[in-house]
Amino acid sequence: MGLFPEADYRSFEEISQLARANGNVHTYDGLREAVRKFAWSVLAARQLNGVNQYFTSHDGGHAEGKVHNDFSAHAEYERNLTEFSSYAKATLDALALFLNAFFQFEEKNQGADFKWVKFRERVASMIPEAAAFFAANAEWLDKDAARTTSAFTTRDEWVHREAPSIVRHFPAQDLGPLPIPRALKLTKEQASRQEELRAVGAFTDYHLSRLHRLLQLCVRTAITTERFKSPDPPIDRMPGPTTFFPVRLTVGMTLKSMAMYVP
């Protein structure tokens with residue numbers, strides 16, 4: 001939960017307790033999964049930026065003609081790119097499934113998917129604010145775009161066809177040591193042009209900011225709907241964001257305390 005802003009966490013507290021008060025918990029499976037997958041996207045982005053900083057820190061202090069490289073770190077970078085795109089797409093999928101259940105659309109056979117215009121139109125009919133969001137982010141939701149600005153084609157290309165192939169830039173220029181191509185298929189000539197590339201921080205921020213806004217939109221809509229059903233229940237607030245994973249004791253013992261690591 002520390003991966004989310006304080007306002008998000010308080011919204012999660014509220015929607016959780018309202019859903020329980022209204023006996024509506026069963027419709028929130030998709031939203032819970034979206035929160036998990038979004039958090040994984042944030043962690044993958046941190047790993048990407050960490051590898052990027054590692055290479056940047058080794059750019060200086062080398063003899064003329066000598067290039068510092070680390071193929072293990074480079075491979076980790078490309079793997080994290082694939083993970084990032086997968087988790088971002090999985091977040092979108094989970095939010096679509098949540099809205100399909102929440103509004104009882106009953107879309108079948110993968111019809112509950114933001115890549116379909118029909119599904120986006122159904123969502124916009126229930127959430128007016130979503131219409132503006134979809135219009136402003138048409139490229140991000142374009143299932144046929146051949147660029148890394150599309151959440152759908154980027155994931156499909158890197159998972160199902162060709163893994164991301166990132167060229168090391170030494171010494172790093174404005175876009176960093178491991179810039180991301182804007183097009184999913186680049187010629188060698190294009191790969192050397194700065195306008196065809198972007199920094200990894202800009203790439204991850206682009207996708208995360210849109211995922212976050214869509215997640216917030218879904219949560220706000222859910223709170224409004226649940227509050228209409230039960231306007232009065234008070235919300236019990238925790239002192240601060242808390243994450244807890246289930247634990248099973250594998251030996252006979254009486255649990256008296258638990259030591260928690262807080263980074």
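Not measured: the values here are computed from a predicted model.
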* Can you find a pair of side-chain heavy atoms, one from D70 and one from Y54, that are under 4.5 Å apart? -> yes

query = Given side chains that start at C-beta, do those of P5 and H212 come closer than 4.5 Å, heavy atoms only?
reply = yes

- Task: Inspect the surroundings of CZ in R20 and state if more than 12 heavy atoms from other residues, nucleotides or ligands are less than 6.0 Å away.
- Result: no

Point to revise | Ring geometry between F98 and F102 (parallel below 30°, tilted from 30 to 60°, perpendicular above 60°) | key: tilted

Could you give the side-chain donor-acceptor pairs of residues 119-126 under 3.5 Å, partners two or more places apart or in another chain?
| residue | atom | partner | partner atom | Å |
| --- | --- | --- | --- | --- |
| R120 | NH1 | F114 | O | 2.5 |
| R122 | NH1 | F105 | O | 3.3 |
| R122 | NH1 | E107 | OE2 | 2.9 |
| S125 | OG | R122 | O | 2.5 |

Side-chain touch E162/W158, heavy atoms, less than 4.5 angstrom
no

Worksheet entry | 4.5 Å side-chain heavy-atom contact, S150 and L184 | no

(message) Just so I know, are the side chains of R213 and N137 near enough to count as touching, which here means a heavy-atom distance under 4.5 Å?
(response) yes

Heavy-atom side-chain proximity of V167 to L197 below 4.5 angstrom:
no

Are the aromatic rings of F84 and F203 close, with centres under 6.0 Å apart? yes

* Whether H207 side chain and K89 backbone form a donor-acceptor pair below 3.5 Å -> no

Heavy atoms, side chains only, cut-off 4.5 Å: are L3 and W40 in contact?
-> no

What I want to check is whether the side chains of D8 and Q216 have a donor and an acceptor closer together than 3.5 Å. yes

- Message: Quick check on the hydrophobic clustering: are V251 and L255 connected, directly or via other members, by side-chain heavy-atom contacts under 4.5 Å?
- Response: yes

Evaluate side-chain contact (heavy atoms from CB on, under 4.5 Å) for L92 paired with F152, printing each intermediate quantity in order. CA-CA 9 Å; L92 273 173; F152 294 104; 4.0 Å; yes

Q. Would a line drawn from the ring center of F4 to the ring center of F12 be shorter than 6.0 Å?
A. yes

Problem set entry | Stepwise side-chain contact (heavy atoms from CB on, under 4.5 Å) check, V25 with R32 | CA-CA 10 Å; V25 173; R32 282 195 296 271; 3.9 Å; yes

* Asked: Salt bridge or not for E14 and R10, using N-O below 4.0 Å?
  -> no

Donor-acceptor contact present, side-chain E13 to main-chain M238, <3.5 Å | yes

With a 3.5 Å distance limit and no angle check, can you tell me whether T91 reaches the backbone of F38 through a side-chain donor-acceptor pair? yes

Pairing of E195 and R182 as salt bridge, 4.0 angstrom limit: no

- Message: Closer than 3.5 angstrom, by distance alone: can the side chain of Y77 be matched with the main-chain N or O of L178 as a donor-acceptor pair?
- Response: yes

With distance as the sole criterion, is a donor-acceptor pair present between the side chains of E76 and N80 under 3.5 Å?
yes

Review point. Can you tell me if CD on E6 sees more than 12 non-hydrogen neighbours from other groups inside 6.0 Å?
Key: yes

Q. If you measure only the distance, is there a donor-acceptor pair under 3.5 Å linking the side chains of N24 and E226?
A. yes

Item to complete: Give the cluster check for L31 versus F103: same hydrophobic cluster or not, with ILVMFWY residues linked at side-chain heavy-atom distances below 4.5 Å.
Response: yes

Intermediate values then yes/no, side-chain hydrogen bond (donor to acceptor under 3.5 Å, both in side chains), E106 and N100: CA-CA 6 Å; E106 297 184 354; N100 189 46; over 6 Å; no

Cluster check L97, L99: I/L/V/M/F/W/Y, side chain < 4.5 angstrom:
no

Quiz item: Under 6.0 Å from the CZ atom of R220, do we count more than 12 heavy atoms belonging to anything else shown?
Solution: yes

Exercise. Examine L217 and L215 and state if one hydrophobic cluster contains both, with Ile, Leu, Val, Met, Phe, Trp and Tyr joined whenever side-chain heavy atoms are less than 4.5 Å apart.
Key: yes

Original post:
Is there side-chain contact between L211 and W140, with at least one heavy-atom pair below 4.5 Å?
Top reply: yes

